[in-house]
Amino acid sequence: MKKFALICAALMLPASAIAQTAVVLPGEVRTYVMEQQTPSVVYEGEIVVGQPLPETVEIHTIPDQPDFAYAIVNEKRVVINPKTRAVVEVVQ
């Protein structure tokens, strides 16, 4: 019975929760994002790793790092996948 409950619970998880993998940020990406003086943008939604930011949030490229972009949203520095606009990490 316990095994059946675990299988049912696993089937109810969204596919995105199962498929997500951790992304390791290169140190230079983190450093670059922390050094930028870009103005913060106000966003009413919640910033969630794995979820895309809307088109209204301007993202900025990172030199020599085509897989990463950034934005400063609600005073938080956010690393973004520029192809999908998905939040990769909130940099502290």
Thr38 and Glu58, any side-chain heavy atoms less than 4.5 Å apart: no

Cluster check Val49, Val78: I/L/V/M/F/W/Y, side chain < 4.5 angstrom: yes

Any side-chain heavy-atom pair of Thr31 and Glu35 under 4.5 Å: yes

Same apolar cluster: Leu53 and Val48, side chain cutoff 4.5 Å: no

Side-chain heavy atoms of Met34 within contact of Arg77, under 4.5 Å: yes

Separation of Glu89 CD from Arg30 CZ (nearest 0.5 Å): 4.5 Å

Common cluster, Val41/Val90, ILVMFWY with side-chain heavy-atom separation under 4.5 Å: no

Given Asn81, Ile80, Val29, the one that forms side chain to side chain contact (heavy atoms under 4.5 Å, CB included) with Phe68: Val29

Residue pair Ile59 / Pro82: nearest heavy atoms and the distance that separates them: CD1-CA, 4.1 Å

Where Gly50 and Ala86 come nearest, the two heavy atoms and their spacing: O-CB, 3.9 Å

Separation of Tyr32 OH from Ile62 CD1 (nearest 0.5 Å): 7.0 Å

Whether Gln51 side chain and Ile47 backbone form a donor-acceptor pair below 3.5 Å: no

Tyr70-Thr61 side chain donor-acceptor pair, cut-off 3.5 Å: no

Exam field: side chain Arg85 to backbone Pro54, donor-acceptor pair closer than 3.5 Å: yes

Side chain to side chain contact (heavy atoms under 4.5 Å, CB included) between Glu28 and Gln65, intermediate numbers included: CA-CA 9 Å; Glu28 56 270 13; Gln65 297 291 333; 3.5 Å; yes

Partner residues of Glu46 under the salt bridge (Lys or Arg N to Asp or Glu O under 4.0 Å) criterion, sequence neighbours left out: none

